[in-house]
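Since the structure comes first, as structure tokens, the remarks are kept for the end.
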Number of protein chains: 2
Amino acid sequence: MSATIRDVAKLANVSVATVSRVLNGTAKVNEETKNAVLRAQKELDFHLNSFARTLATKESNTIGVLVSDISDPFFALMIKACDQTARSFKKGLIITQGFYDEEKEIKAIENLLSHQCCGIIAHLLAISDEKLSSYMKKYPYIVLINRRLDGFEDRCVNIDNFNAMKDLTEYLIGLGHKKFVYIDSEFDIADAKERLEGFKQALSNHSLCIDDKYILQTKPYSENAVKTANTLIEMGVDKFSAIVCYNDSIAMSIINVFLNHGIKIPDDVSITGFDDLFFASVIYPSLTTVQNPIEKMGQEAVKLSFARFKKDETFCISEFETKILYRNSVKKN
Amino acid sequence: MSATIRDVAKLANVSVATVSRVLNGTAKVNEETKNAVLRAQKELDFHLNSFARTLATKESNTIGVLVSDISDPFFALMIKACDQTARSFKKGLIITQGFYDEEKEIKAIENLLSHQCCGIIAHLLAISDEKLSSYMKKYPYIVLINRRLDGFEDRCVNIDNFNAMKDLTEYLIGLGHKKFVYIDSEFDIADAKERLEGFKQALSNHSLCIDDKYILQTKPYSENAVKTANTLIEMGVDKFSAIVCYNDSIAMSIINVFLNHGIKIPDDVSITGFDDLFFASVIYPSLTTVQNPIEKMGQEAVKLSFARFKKDETFCISEFETKILYRNSVKKN
DNA sequence: TTGTAAGCGTTATCAC
DNA sequence: GTGATAACGCTTACAA
């Protein structure tokens, strides 16, 4: 139903090859011929079919991004950054979601694969190391965000979660905090473990310790942390002076529940987050957190993946820097 | 480099047609033959090339979604809803962004078009009615979200912005508020106009009026509203008792700036939003706002677009219901 | 139930 | 500069 390159060729009285040349700018074409082609294109409202194009060139015009859930502001930010960089390569983004579930993550990968993406950036939580490794081996251009996978370190884009959380905790300790609660992510992945370890290291550096019952777990998105917040209130907020959270979303939920219970932040309890999502500076009180350079990571991940797709193995990246953002959810006395 | 359907056929000792049948489940195949094919597929780690497939069938396995900016929680929510519904049709989503700019919006549409999407859902702000109409005419399956376009009413998925904002304003008036500020969107589109008109109607229904200097404009995402908040503070917050905002993002920013200036909400000033984004119930104080059924709208938009793509013009939708959510950013006395 | 072969709409390699 | 034409990898009549 839609016009094809042949229709344009016929109307412009040239060959399909010429039309292709004009439309792609891949070779010099006589100015007049060119105009004729352009006129015919306009008249027929013709667009190259990107599928036929990809089939012929074996290079799609898309880069694939796989995240757990687009509606999580963390991923939304990452995607936006990926999109920017993809654009600079004249590529579009195709986005799939894994929804924290191994089977869905695999489907999402397969989906991306079948799209001949010239680059894949994935944030995978649920899939096993073993299965993931097999994909990584088979498709050398897949790049991982926020996950460490043995044997593929050069394709894992990461921050130093351990030290970031250690530094944040030591900042709190320096402020005089001794009794902590730590809210961990329920998902069993590297970054969560590293953050928890960093937290514990800071305590032990200062001869402090924490009872396991003060290390709680929750899903790392906000709705789920409400229950945890209530648990804390039941425990009694006088039992601790600072709550260190795996991420901003958790911290935000807890702050909200606490404020609604008349618990003052930071006067009664201090709270910290991790990521510095857009709302962290905008909620009340503004959230002391760790700046996670997710945008830079997204950009570099796309560059790396695309370079590897084009067999350029020289491009490499190093760990990204984090920074503590000192705001108002922590009592400074 | 990657295996093709022919390789699989050869290895399984069958024809390519049979392989296709097995992999697509499009026809009955002898159980043994089938297993042979599946084995061969596994051995070669073969995936159907979705481009070749689309080229042959003229139907891609994607539905296109066009939004202004994925990192806006409003759009993220919408996309998630679209994705769910698309999945139920065995379609994936391809997402492009328009970034509030006419040229970029057009590029984004063209991008989607060249992907042979079997359905397009678009949230377009910047493109002119005229250009948009020409696209709508040419591609009868494009469905618009949050925009009214003359002549295409049956393909515009909308809420009744006018009445929603009127009702919200009348609620405030009923609470005794008389002196208002209205923060409008800077973008010249229908929903913003409708909301403002609804607001004005409520005032006039109660013989109230508002000086134009109390109707301010800002970009409808949070960073930009900070300036506006400061303007309000300079004006003196004793000049008004309630601030009605075009959306939640604006409201949230203003609340934040105010709290940081020691202005109490809702004791000193009441504030309302619009949309009920995830943070609206979670910020402090929780935000009185209008529930925008964006998820339902996304779902129905996908259904409508896909139906129209398949030439089914019977599917139709009506306006979506909104609801005022009475929370704590409004003084109730 | 299975195989053959003609598309699908491009690009790219040759000639001219 | 330009034009034929063979891929690209799949689906789907049509035949067997």
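The chains referred to below are lettered A, B, ... by the order of the sequence lines, with proteins before strands, and numbering in each begins at 1. For the numbers below, each heavy atom of this structure counts, side chains included, while hydrogens, waters and symmetry mates do not. In this text, all values refer to a predicted model and were calculated from it rather than measured experimentally.
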Please check the phosphate of C:dG7 (OP1 and OP2 only) for any side-chain N or O of B:K58 closer than 4.0 Å.
no

Measure the distance from CZ on B:R53 to C1' on D:dG9 and round it to the nearest whole Å.
12 Å

To the nearest angstrom, the CD-P distance between B:E59 and D:dC10 comes to 18 Å

Can you tell which of C:dG9, C:dT2, D:dT11 lies closest to the side chain of B:N24?
D:dT11

Table please: side-chain donor-acceptor pairs of residues 26-42 of chain A below 3.5 Å, with sequence neighbours left out.
unit_1	atom_1	unit_2	atom_2	d
A:N30	OD1	A:E32	N	2.7
A:T33	OG1	A:N30	O	3.3
A:Q41	NE2	A:F46	O	3.2

In whole angstroms, how far is the P atom of C:dT10 from the CD atom of B:Q116?
9 Å

Can you list, in residue-number order, the parts of residues 34-52 of chain B that come under 4.0 Å of DNA chain D, counting heavy atoms only?
B:F46, B:H47, B:L48, B:N49, B:A52

Interatomic distance, A:L23 CG vs C:dT11 P [rounded to whole Å]
8 Å

Is any side-chain N or O of A:T18 closer than 4.0 Å to OP1 or OP2 of D:dG3?
yes

Taking ring-ring contact (aromatic ring centres under 6.0 Å, His included) as the definition, give me every residue that meets it alongside B:F74, ordered by chain and number, with sequence neighbours left out.
none

Using the six-membered ring wherever Trp is involved, compare the ring planes of A:F51 and B:F51 and label them parallel, tilted or perpendicular (cut-offs 30° and 60°).
tilted

For B:D312, does the CG atom sit with more than 12 other heavy atoms under 6.0 Å from it, leaving out its own atoms?
yes

Note: for A:T4 and B:K28 on DNA chain C, the residue whose nearest nucleotide lies more 5' is B:K28

Both A:V16 and B:A27 contact DNA chain C. Which one's nearest nucleotide lies toward the 5' end?
B:A27

Rounded to whole Å, how long is the line connecting atom CZ of A:R6 with atom P of C:dT10?
8 Å

Taking any heavy-atom pair under 4.0 Å as a contact, classify A:T33: base, sugar-phosphate, or nothing.
sugar-phosphate

Short side-chain N/O contact from A:S15 to OP1 or OP2 of D:dA4, under 4.0 Å
no

Salt bridge check, B:K310 against B:E59: does any charged N sit closer than 4.0 Å to a carboxylate O?
no

A:R147 with A:D129: basic N within carboxylate O range, under 4.0 Å:
yes

Atom pair distance, as rounded to whole Å: NZ in A:K10 and C1' in D:dT2
19 Å

Using atom NE2 of A:H115 as one end and atom P of D:dC10 as the other, report the distance to the nearest whole Å.
14 Å

B:N24 and B:R53: side-chain donor and acceptor closer than 3.5 Å?
yes

Expressed in angstrom and rounded to an integer, what is the separation of B:R21 atom CZ from D:dT11 atom P?
11 Å

